[in-house]
Number of protein chains: 2
Amino acid sequence: MQPFPDSLTHLMRHVLKQHRREVDRLIHEYEVYPGQPPVLFRLCEQDGLSQRELAQRVRLTPATLTVMLTRMEKTGLVERRPDDRDQRISRVYMTAKGRAALDAVGGAIRSVEQRAFAGFLPEEQLLLRRLLMQMQHNLDTPDSLADE
Amino acid sequence: MQPFPDSLTHLMRHVLKQHRREVDRLIHEYEVYPGQPPVLFRLCEQDGLSQRELAQRVRLTPATLTVMLTRMEKTGLVERRPDDRDQRISRVYMTAKGRAALDAVGGAIRSVEQRAFAGFLPEEQLLLRRLLMQMQHNLDTPDSLADE
DNA sequence: CGTAATTAGTTAGTCAGCTAACATTAATGT
DNA sequence: ACATTAATGTTAGCTGACTAACTAATTACG
């Protein structure tokens, strides 16, 4: 009857909140804020993306990213430079400070991950991934035929 | 090496974001906003909680709840009344409109849940719950002995 | 060409969530 | 009885995220 209090997504949300808080607690001394790690990781893999490309890859709207990059530029993690062919585009590059911060952040995230999955068997992790991917797929498909 | 892009928590976060967006899309016509359903559900179970009690049960800080309740009072979902013994306390009650909205919201959430878990076997759902609860427990314990 | 449609990014406004600092009221302790 | 401490809720200020409306630059098309 009452779907919420012990629904799986509710539980998931709570677990993620704990996770995020832990990571945040560990990284905010490097002037990296909660939403920023994905951006740093993407840039580490590939520097000089346009904001649009970057936004798509980290699944944020361009508007969100604009604000976030402005802050990250202010703390010196990241740098914007205009594209020299297309003047609408501004490309995002990581600074030395950004790279340094990323190392620390990576460590922090790994340690929280380890704690979160302590005692998990490898096949449990695989199964969890499979279930999550199925959820992702279910939610991606528009709606139609919800339960077949 | 790079822990983030395909970590389980990253995947989880993405799935939850999809879920929240879907629910939000369905409920915002009832003037219920994304963070509010848990509050409504709690109040439905037990009316007249103090803000502190309510905040603990939905795991929000009192500050967050204050702002949220102010908005919910403005849209008429909820009502604050002072306690008559302790003047520091204000108790929160659901209005008729709140109850009506909750019905619609409950339906919306159930439908998204159904879609999210389409094709899941009952034992898969149980397993998922077990894994999430283990994560919750892992993250609750301070830190110490992370990987034993 | 030159105007219209598209694309990139920004700005404004809203909601969610947090911490820290502040009244105000109640409970305690000497 | 009075001063101190604790508890409740609010305010201010921050980050994150979104949509919608805007500006500026580029493409496309008649």
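Each chain gets a letter, A, B and so on, in the order the sequences are listed, and its residues count up from 1.
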| message | Nearest whole Å is fine: how far is D:dG16 P from A:E31 CD? | response | 13 Å
Residues forming a side chain to side chain contact (heavy atoms under 4.5 Å, CB included) with [X], sequence neighbours excluded:
X      : value
A:S50  : A:R52, A:E53, A:I89, A:R91
B:Q136 : A:L11, A:H14, A:V15, A:Q18, B:R59, B:M133, B:D140
A:Q46  : A:L49, A:R57

| query | Can you name the side chain to side chain donor-acceptor pair (under 3.5 Å) partners of A:T95, sequence neighbours left out? | reply | none
| Members of residues 92-105 of chain B that approach DNA chain C, where some heavy atom sits under 4.0 Å away | none
Between the protein and nucleotides 21-29 of chain D, list the N/O to N/O atom pairs that are separated by less than 3.5 angstrom.
{"residue": "D:dT26", "atom": "OP1", "partner": "A:Q87", "partner atom": "N", "Å": "2.9"}

Can you list the residues that meet the salt bridge (Lys or Arg N to Asp or Glu O under 4.0 Å) rule with [X], with sequence neighbours excluded?
X      : result
B:D103 : none
B:K97  : B:E31
A:R130 : B:E124
A:R99  : A:D47

| remark: So the ring-ring contact (aromatic ring centres under 6.0 Å, His included) pairs with at least one residue in residues 72-119 of chain B (sequence neighbours excluded) are B:F117-B:F120
| note | Here the residues of residues 54-72 of chain B within 4.0 Å heavy-atom distance, strictly under, of DNA chain D are B:P62, B:A63, B:T66
